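Below is one structure, written out as structure tokens; the observations come after it.
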Amino acid sequence: MVGNSKIKVTLLYLLAFTVMLVMVFPYIYMVLGSLSPWDQVDRRIIPTELTFRSYEWLFFGGSDVIARPWLRAFFNSVFVTLASTILMLVSALMVGYSLAKLKFKGSRFINNVILFQMFYPAVILLIPLFLIVRYFGMYDTYWAMILPKAVNLWAIFMYTNFFRGLPDELLEAAKIDGASQWKILWRIVLPMSKSVTTIIFLFLFMERWVELLWDMLVVNSENMLTLNVLLAQMFGPYGGYPGPMYAASVLLTLPILVLFIIFSKNFKDGMQFVLK
Amino acid sequence: MFASPYLVYSLIFFLFPLLWATYLAFTNWNLISPDYEFVGVQNFVQAFFSESVRAAFFVTYKFLAMFVPIAVIGALCLALIISALPRFKGLFSVAFFLPYLASGVASAIVVNGILSYNSPFNIWLRSTFGLDINWLGSPVLAALIIALMMAWKFMGYYALLFVAGLESIPKDVYEAARMDGAVGWKKFWYVTIPMLYPSFYTVTILAVGLMFGIFTEPYVLTGGGPDLATHTWQLEIYQQAFERLHAGYGTSIAVINSIVTFASILVFRKILEVWGAKHGWE
């Protein structure tokens with residue numbers, strides 16, 4: 001009986017491990033492809049030797065083609081994503097806190113409107129949003145990528161739910177001690193919501209980082225493109241250079257992977273709340 | 001006062017564009033010229049008879065039929081594996097979640113490479129089975145590949161929802177079921193599945209909703225082809241409004257898209273609710 005269950009557990013781990021390999025295989029393929037000699041890319045899964053030629057091409061250009069501004073695109077991605085994510089996080093903190101704890105006139109109404117907006121298909125707004133951005137002269141600037149993505153309804157919704165669960169007594173006590181609402185939010189509420197903030201930050205960052213359609217629409221000049229957009233546009237004309245395309249994909253995937261692994265400790269706690 | 005960022009944002013980036021969109025949908029504006037006309041329902045009539053709009057409509061349900069079963073059953077299997085593991089649950093759930101981090105652009109590039117004519121995979125197929133398959137050139141296969149890419153990306157995320165559902169099943173339910181003689185498969189069908197119904201509901205609705213917003217994967221990988229086999233709503237709206245500059249017409253397609261999405265999700269919710277109620281699940 002004991003032996004039987006031991007075999008079962010071993011088989012289970014074997015299964016789990018196999019599934020894990022399947023799930024991470026595309027990543028492995030991408031990394032190996034980016035390090036392969038150019039005549040082996042997409043020809044051998046495991047290259048006979050490793051080379052950084054694809055990365056060199058990406059950063060310094062090659063003899064036969066002009067290098068595209070990949071580093072600049074990487075910087076654009078980091079800047080736009082960080083700015084947008086931080087704005088979404090801060091605004092969601094403020095709005096969520098006010099909806100959950102500062103009972104003001106119309107807060108219930110706002111709550112309902114937010115729910116409505118969350119389920120409203122965003123695609124209908126795409127064209128008018130583009131026109132507004134153009135009208136304000138934000139076309140082809142960072143603002144166009146940041147401002148329309150400075151508030152996130154899902155994040156507000158998450159924070160509102162989380163803050164509802166925080167004890168009122170603590171906030172009351174701080175208020176009696178003369179702390180302003182602003183101070184309470186930063187000094188008391190934020191430290192208490194660490195794990196939820198990490199998860200919300202991660203999700204917002206991920207979503208913003210891989211945005212394609214919007215960033216493609218509102219930006220035109222080459223040195224304004226985000227990495228995701230540049231890669232999508234270069235993939236057609238430079239499809240004959242798969243090595244550098246894989247290298248750029250690695251460049252696109254790595255930051256998010258690193259960020260995720262750094263925060264994965266908080267992942268389980270935070271997820272438990274988000275999934276509720 | 002703290003709610004002001006939301007109010008300002010909603011006014012500029014939600015309410016105003018919403019009204020504008022409603023108006024634009026009834027015009028023939030071309031995105032550039034200063035004058036345009038009010039054309040009534042002409043855009044909607046045109047969309048109704050348009051081949052590419054019809055393609056987008058049906059392609060979405062084709063994706064749905066492929067993606068939803070794969071993603072939901074796949075995620076359930078992942079969740080069952082995770083919850084059955086005695087140790088390293090966290091490690092495996094994080095590992096299964098990793099595909100969610102991938103940009104659609106990067107995964108499209110990888111899939112394109114794996115399926116390219118001289119890839120090890122295709123060479124192996126040719127030499128072992130004599131199969132010469134043009135993966136992205138076949139309408140059915142191209143759609144299936146995109147559905148699989150989406151499933152790969154979202155399965156780990158959905159699995160976490162199922163794991164949360166599995167963990168919320170009280171131990172004494174299993175205990176009571178064991179007393180009544182429900183073990184093994186019986187336990188799975190008559191205890192686990194009914195108790196998982198709420199997670200099942202959430203995951204299915206999320207998966208259905210997702211299918212109405214596909215853009216990146218077909219844009220990069222197939223461009224909507226072959227023969228409009230992977231032409232999604234988003235692709236159609238993008239092409240009409242920003243490539244052919246039919247802003248008014250594009251907006252009216254977006255309006256149709258919203259209505260179709262809304263109605264479809266409502267229908268699916270209803271089906272799931274009726275189905276759940278019939279079995280006495282909640």
Side-chain angles (χ1 to χ4, degrees), chain A residues 9 12-13 15-16 19-20 23-24 26-27 29-30 33 41-45 91 94-95 97-99 102 107 110 117 121 123-129 131-132 148 150-151 156 181 206 209-210 212-213 217 228 231-232 235 242 245-246 249 252-253 256-257 260 264 267-268 271-272 275-276, chain B residues 1-3 5-6 9-10 12-14 16-18 20-21 24 78 81 84-86 90 92 94-96 98-107 109-110 113-114 116 118-120 152 156 160-161 164 212-213 215-216 219-220 233-234 237-238 241-242 247 250-251 254-255 257-258 261-262:
Chain A
V9 169
L12 193 66
Y13 273 111
L15 179 68
V19 175
M20 186 171 94
M23 298 304 262
V24 296
Y27 287 116
Y29 188 91
M30 185 165 87
V41 181
D42 288 336
R43 298 287 184 280
R44 300 177 64 95
I45 292 179
S91 61
M94 289 166 63
V95 178
Y97 177 67
S98 73
L99 288 179
L102 314 172
S107 62
I110 291 183
Q117 278 171 291
V123 61
I124 201 170
L125 305 174
L126 188 70
I127 295 162
L129 272 180
L131 299 173
I132 290 173
V151 171
I156 294 177
Q181 289 296 353
M206 276 187 299
W209 183 260
V210 302
L212 179 69
L213 182 54
L217 287 182
N228 206 32
L231 188 56
F235 180 54
M245 292 300 117
Y246 287 130
S249 302
L252 180 66
T253 313
I256 222 164
L257 222 55
F260 181 75
S264 64
F267 184 68
K268 204 150 190 276
M271 274 312 262
Q272 258 161 6
L275 296 178
K276 255 195 290 192
Chain B
M1 210 278 279
F2 276 6
Y6 163 76
Y9 175 87
S10 290
I12 303 177
F13 294 116
F14 187 83
F16 181 55
L18 189 64
W20 200 353
L24 267 181
L78 291 186
I81 292 174
L85 290 172
F92 280 101
V94 166
F96 293 164
L98 287 181
Y100 189 75
L101 308 177
S103 155
V105 180
S107 48
I109 287 173
V110 170
I114 293 176
S116 65
N118 279 321
S119 72
W152 171 75
L160 291 178
L161 287 158
F212 290 88
F215 176 76
T216 305
Y219 175 78
V220 179
W233 281 108
Q234 307 267 321
I237 295 163
Y238 168 74
F242 296 100
T251 314
V255 171
N257 171 221
S258 314
T261 309
F262 223 66

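Numbers restart at 1 for each chain; the letters A, B, ... are given by sequence-line order, proteins then strands. Note that this is a predicted model, so its numbers are computed, not measured.
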Pick one of side chain, backbone, both or neither for [X], based on which atoms fall under 4.5 Å of a heavy atom in chain A.
X        : result
B/Ser107 : neither
B/Leu101 : both
B/Phe92  : side chain
B/Phe14  : both
B/Ile114 : both
B/Phe215 : side chain
B/Asn257 : side chain

Heavy-atom closest pair, residues [X] and [Y]:
X        : Y        : value
B/Ile109 : A/Ser249 : CD1-OG, 3.8 Å
A/Ala16  : B/Ile81  : CB-CG2, 3.7 Å
A/Val41  : A/Gly33  : CG2-O, 3.7 Å

Heavy-atom distances under 4.5 Å only: say whether [X] touches chain B with side chain, backbone, both or neither.
X        : value
A/Leu231 : both
A/Pro148 : both
A/Val9   : side chain
A/Met20  : both
A/Leu99  : neither

I need the A/Asn228 CG to A/Leu212 CG distance, nearest 0.5 Å.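 Rounded to the nearest 0.5 Å, the CG-CG separation comes out at 5.5 Å.
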
About how many Å separate OH of B/Tyr9 and CD of A/Gln117, when rounded to the nearest 0.5 Å?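 Going from the CD atom of A/Gln117 to the OH atom of B/Tyr9 covers 8.5 Å.
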
Tell me, do B/Val110 and A/Tyr246 make a side-chain contact under 4.5 Å, heavy atoms counted?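 Yes, their side chains come closer than 4.5 Å.
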
Would you say A/Thr253 and A/Met30 make side-chain contact, with heavy atoms under 4.5 Å? yes

Out of [options], which one racks up the most heavy-atom pairs below 4.5 Å with chain A?
options                      : answer
B/Asn118, B/Val94, B/Ile237  : B/Asn118
B/Ser119, B/Ala241, B/Ser258 : B/Ser258
B/Pro120, B/Pro5, B/Ala247   : B/Pro120

Among A/Ile256, A/Leu252, A/Leu129, single out the residue with the greatest number of heavy-atom pairs under 4.5 Å to chain B.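 That would be A/Leu129.
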
If you count heavy-atom pairs under 4.5 Å with chain B, which of A/Val24, A/Ile124, A/Val19, A/Leu12 comes out on top? A/Ile124

side-chain hydrogen bond (donor to acceptor under 3.5 Å, both in side chains) between B/Gln234 and B/Tyr219: does it pass, once the steps are laid out? CA-CA 9 Å; B/Gln234 307 267 321; B/Tyr219 175 78; over 6 Å; no

CA sep, side-chain torsions, deciding dist, call: B/Thr251, A/Leu126, side chain to side chain contact (heavy atoms under 4.5 Å, CB included): CA-CA 8 Å; B/Thr251 314; A/Leu126 188 70; over 6 Å; no

Give the intermediate values and the outcome of side chain to side chain contact (heavy atoms under 4.5 Å, CB included) for residues A/Ile127 and B/Tyr238. CA-CA 9 Å; A/Ile127 295 162; B/Tyr238 168 74; over 6 Å; no

Applying side chain to side chain contact (heavy atoms under 4.5 Å, CB included), run through A/Trp209 and B/Ser103 and close with a yes or a no. CA-CA 8 Å; A/Trp209 183 260; B/Ser103 155; 5.6 Å; no

